[in-house]
Amino acid sequence: MSASAIISENPLLQGSGLPPFAKIKPGQIVPAFNQLLAELDQQLASLEANVQPTWKGLVEPLERLTERLSWSWGVVNHLMGVKNSPELREAHETVQPQVVQFINKLGQSQPIYNAFKALRTSDTWATLESAQQRIVEAAIRDAELSGVGLKGEERDRFNAIQMELAELSTKFSNHILDATKAFSLTLTTKAEIDGLPLSLLSLASQAARAAGAENATAENGPWRITLDLPSYGPFMQHSTRRDLREKLYKAYITRASTGELNNNPLIERILELRQELANLLGFKSFAQLSLASKMAPNVEAVEALLEELRHTSYDAAIKDLEELKAFAAAKGAAEAQDLKHWDINFWAERQREEKFDFTAEELRPYFSLTQVLDGLFGLVKRLFGVTVSPADGQAPVWHEDVRYFQIADENGSPIAYFYLDPYSRPAEKRGGAWMDQCINRAKITENGVTAIRLPVTYLVCNQTPPVDGKPSLMTFYEVETLFHEFGHGLHHMLTKVDYPGAAGINNVEWDAVELPSQFMENWCYERPTLFGMAKHYVTGEALPEHYYQKLLAARNYMSGSAMLRQIHFSSVDLELHHRYHPGSNEKPTDVRHRIAKTTTVLPPLPEDSFLCAFGHIFEGGYAAGYYSYKWAEVLSADAFAAFEEAGLEDEEAIKTIGQRYRNTVLAFGGSKHPMEIFKAFRGREPSTGPLLRHNGLATF
């Protein structure tokens with residue numbers, strides 16, 4: 001077989017449709033990208049030579065070109081997140097510089113930029129739909145932020161920075177994955193597992209078996225505790241062994257901060273390069289550059305919101321800590337007056353159990369993944385009139401636990417699909433939960449026939465896997481996480497926009513993109529939704545009413561502390577990207593400790609290296625944008641308040657408002673400015689009132 005024939009069969013060059021995961025091997029990545037980038041280079045040169053400042057002569061051919069790249073590169077990046085391996089990393093590392101180089105070349109194409117500007121001032125501009133106009137305006141802005149206006153040495157420097165930043169963020173991410181994986185605590189005696197729930201012992205013995213202790217059992221051990229959240233979280237909440245909690249806590253907060261996996265030098269370098277990048281583009285700080293494409297008008301507006309929320313939550317967080325100390329003292333704890341970080345979750349869980357008389361563990365049997373999905377799908381049918389049904393077997397998957405589903409409209413016609421990869425796999429899958437796009441909705445004309453290409457989404461969680469013959473029994477937090485990611489998925493899947501550049505989450509300002517996800521979390525507490533899914537996995541018995549009342553009562557438990565924690569992360573992120581000067585006497589860690597004085601009630605330990613694992617801002621897209629969670633939460637709480645005001649028990653009203661939400665927030669995608677979309681749904685600008693009320697921090 002000739003070399004060209006082998007390459008043409010490369011699954012990574014398929015370029016459209018569902019990725020054939022079973023056929024993709026790391027060894028195919030380099031040859032695929034060598035060929036793809038060479039072809040795209042030629043297509044770009046040809047487009048630049050013949051570009052017309054019209055939708056058909058500019059946007060459509062450009063879309064075809066970028067979609068081929070994003071399809072292949074998207075598959076590789078998806079696998080880096082869910083099926084990480086040394087071979088995959090090596091291949092990714094090899095092709096990433098060429099991909100970044102091509103993206104820079106495309107972003108800095110003068111002929112394409114000029115054509116977009118010509119289209120913007122042409123006579124046909126007024127005939128374009130708002131989605132098309134937003135795509136053109138975003139393209140002009142993105143080209144300017146991609147350095148289209150730079151010449152000579154400045155442009156070369158800009159491109160070199162982009163290249164280095166891409167490498168650094170991948171390295172940063174790999175370091176966290178490796179450091180998390182490198183640490184484990186093997187427990188062998190009953191004394192060491194005192195207080196631990198059975199669900200954790202099952203998980204820990206399963207981890208021990210996977211690590212070679214083939215006779216490990218939940219009852220007799222050995223038990224392997226890791227820094228992976230389904231293991232670390234419950235251990236910190238339940239272990240009565242203060243010495244072991246301290247050991248685990250310190251391992252967790254110092255991840256990727258020493259030795260070969262040390263992310264500290266990477267942080268310094270990333271911040272330095274981002275600052276230089278911002279200066280090259282004429283911005284004073286990277287935060288200003290970041291906000292140029294966001295909903296928040298400027299840094300001052302973000303700081304004003306953070307300060308308003310900090311002011312409200314700080315006193316509440318102080319009170320939370322005082323109450324916790326008093327509780328621990330009442331229980332005779334020696335450490336009561338001097339609670340350390342590794343004591344907080346333990347005592348908070350004890351206090352919550354006593355105050356609301358239930359444990360997070362007691363609820364798990366009522367939240368098997370199957371039941372939770374039933375409840376979630378029942379809710380979206382109620383709100384938006386769409387039906388979700390299993391479509392397993394209709395799409396290739398990357399792991400046997402991955403499911404595939406279809407979403408159909410009121411008439412039963414399919415309108416979207418999604419993958420669900422629910423369980424934690426610490427050896428190959430990065431932590432956290434996320435949604436990503438697999439295929440964008442678009443109107444496609446082939447051989448004279450026009451059809452709608454349906455959107456497909458990846459939904460990835462890291463919840464407790466099925467253990468010892470039991471299904472995946474979820475904590476309530478894991479339930480909320482699934483609803484959150486599904487909200488992102490709905491944003492992508494229920495779009496009515498037919499231009500990929502503004503369909504679903506595309507072209508949505510970053511600080512508005514969390515609105516649909518956070519909006520969905522509110523429904524976890526709504527009676528019909530909760531009872532639609534909370535059924536005992538063995539008996540089928542509904543969650544007893546007293547548990548529901550306790551869940552509601554516990555909802556705002558320590559909410560001041562939880563809000564302050566988000567304010568802390570957001571403020572540190574903003575300070576590092578706005579006022580901090582890399583290379584000064586102050587190190588990024590010092591900045592964090594300085595900000596902590598007003599944004600934490602228990603200052604971080606001197607050795608706390610949380611920044612070294614702050615993947616959101618150093619590997620993900622949240623740099624100078626972590627505030628987006630709070631900014632969007634104001635929007636999402638206010639959106640949910642529309643349903644509360646109409647009456648959550650009024651099914652007709654819920655349906656009407658649900659339809660309006662679907663036809664505005666979800667349907668418009670990135671085709672209009674988020675403020676315009678919010679006002680179309682709510683009839684006014686957003687208010688912080690509902691957010692503070694939902695958090696129990698205000699009564700109005």
Side-chain angles (χ1 to χ4, degrees), residues 16 51-67 70-71 106-107 112-113 115-145 292-295 384 407 409 415-416 435 437-446 450-457 487-516 632 635 639 659-682:
S16 63
V51 69
Q52 302 292 316
T54 62
W55 188 262
K56 264 197 165 21
L58 164 65
V59 186
E60 287 180 4
L62 187 60
E63 218 159 61
R64 283 194 291 275
L65 189 155
T66 51
E67 285 215 313
S70 58
W71 188 91
L106 186 62
I112 286 177
Y113 174 62
F116 270 117
K117 289 213 298 190
L119 174 55
R120 174 78 183 79
T121 53
S122 71
D123 298 341
T124 58
W125 177 250
T127 67
L128 296 181
E129 295 171 31
S130 79
Q132 293 173 296
Q133 292 189 350
R134 281 257 302 175
I135 288 169
V136 172
E137 282 165 345
I140 293 170
R141 178 199 69 209
D142 292 347
E144 287 164 0
L145 299 183
S293 56
K294 292 189 169 65
M295 183 181 175
F384 312 127
I407 296 192
D409 64 15
I415 49 174
M435 167 269 169
Q437 46 209 28
C438 173
I439 297 175
N440 290 309
R441 178 182 163 108
K443 191 180 278 180
I444 304 284
T445 303
E446 273 170 7
T450 301
I452 297 295
R453 180 182 70 192
L454 302 181
V456 181
T457 298
H488 281 308
L490 288 171
H491 200 188
H492 188 64
M493 295 186 283
L494 298 191
T495 186
K496 295 271 175 67
V497 180
D498 294 334
Y499 306 102
I505 60 170
N506 293 307
N507 204 33
V508 175
E509 280 75 354
W510 193 266
D511 42 6
V513 92
E514 296 291 335
L515 189 176
L635 306 176
Q659 211 49 48
R660 187 165 81 233
Y661 179 89
R662 180 184 168 185
N663 293 336
T664 52
V665 177
L666 299 179
F668 290 147
S671 67
K672 295 176 188 289
H673 189 275
M675 185 59 90
E676 211 183 310
I677 294 175
F678 186 86
K679 290 201 296 201
F681 169 63
R682 202 68 172 98

Nearest atoms (heavy-atom pairs only) where [X] meets [Y]:
X    : Y    : value
L128 : Q133 : O-NE2, 3.6 Å
A512 : M295 : CB-SD, 4.0 Å
I415 : L454 : O-CD2, 3.6 Å
V497 : A131 : CG1-CB, 4.0 Å
A115 : V51  : CB-CG2, 3.8 Å

Exercise for the section: Any pair with a residue in residues 120-145 that passes ring-ring contact (aromatic ring centres under 6.0 Å, His included), sequence neighbours left out, goes on the list, sorted by first then second residue, please. Expected result: none

Handout entry: Residues that E509 engages under salt bridge (charged side-chain N to carboxylate O under 4.0 Å, His left out), provided they are two or more places apart
Key = R134

Problem - Under the salt bridge (charged side-chain N to carboxylate O under 4.0 Å, His left out) test, residues paired with R662 that sit two or more places apart - result: E410

Problem - Heavy-atom side-chain contact between D142 and F116 under 4.5 Å - result: no

Donor-acceptor contacts, no H, no angles, side chain residues 663-671, under 3.5 Å, sequence neighbours left out:
unit_1: N663; atom_1: ND2; unit_2: Q659; atom_2: O; d: 3.2
unit_1: T664; atom_1: OG1; unit_2: R660; atom_2: O; d: 2.7
unit_1: T664; atom_1: OG1; unit_2: Y661; atom_2: O; d: 3.4
unit_1: S671; atom_1: OG; unit_2: F668; atom_2: O; d: 2.6

Using 0.5 Å steps for rounding, measure from the [atom1] atom of [X] to the [atom2] atom of [Y].
X    : Y    : atom1 : atom2 : value
Y499 : N507 : OH    : CG    : 14.0 Å
T121 : L119 : OG1   : CG    : 8.0 Å
H491 : Q437 : NE2   : CD    : 11.0 Å
L106 : L65  : CG    : CG    : 6.5 Å
S16  : W71  : OG    : CH2   : 7.5 Å
L62  : I112 : CG    : CD1   : 5.0 Å

Practice task
For F678 and L515, run side-chain contact (heavy atoms from CB on, under 4.5 Å): C-alpha distance rounded to whole Å, both residues' side-chain angles, the deciding distance at 0.1 Å, then the answer.
Solution key: CA-CA 10 Å; F678 186 86; L515 189 176; 4.3 Å; yes

Handout entry: Partners passing side-chain contact (heavy atoms from CB on, under 4.5 Å) against R453 (at least two apart in sequence or in another chain)
Key = E67, I439, N440, A442, I444, P500

Handout entry: Partner set under side-chain contact (heavy atoms from CB on, under 4.5 Å) for T457, not counting sequence neighbours
Key = F418, M435, L459, H492, M493

Practice task
Would you please test V136 and W55 for side-chain contact (heavy atoms from CB on, under 4.5 Å) and show each step?
Solution key: CA-CA 9 Å; V136 172; W55 188 262; 4.1 Å; yes

Handout entry: Check against side-chain contact (heavy atoms from CB on, under 4.5 Å), R120 and I140
Key = CA-CA 9 Å; R120 174 78 183 79; I140 293 170; 4.0 Å; yes

Problem - Derivation of the side-chain contact (heavy atoms from CB on, under 4.5 Å) call for L635 and D511 - result: CA-CA 10 Å; L635 306 176; D511 42 6; over 6 Å; no

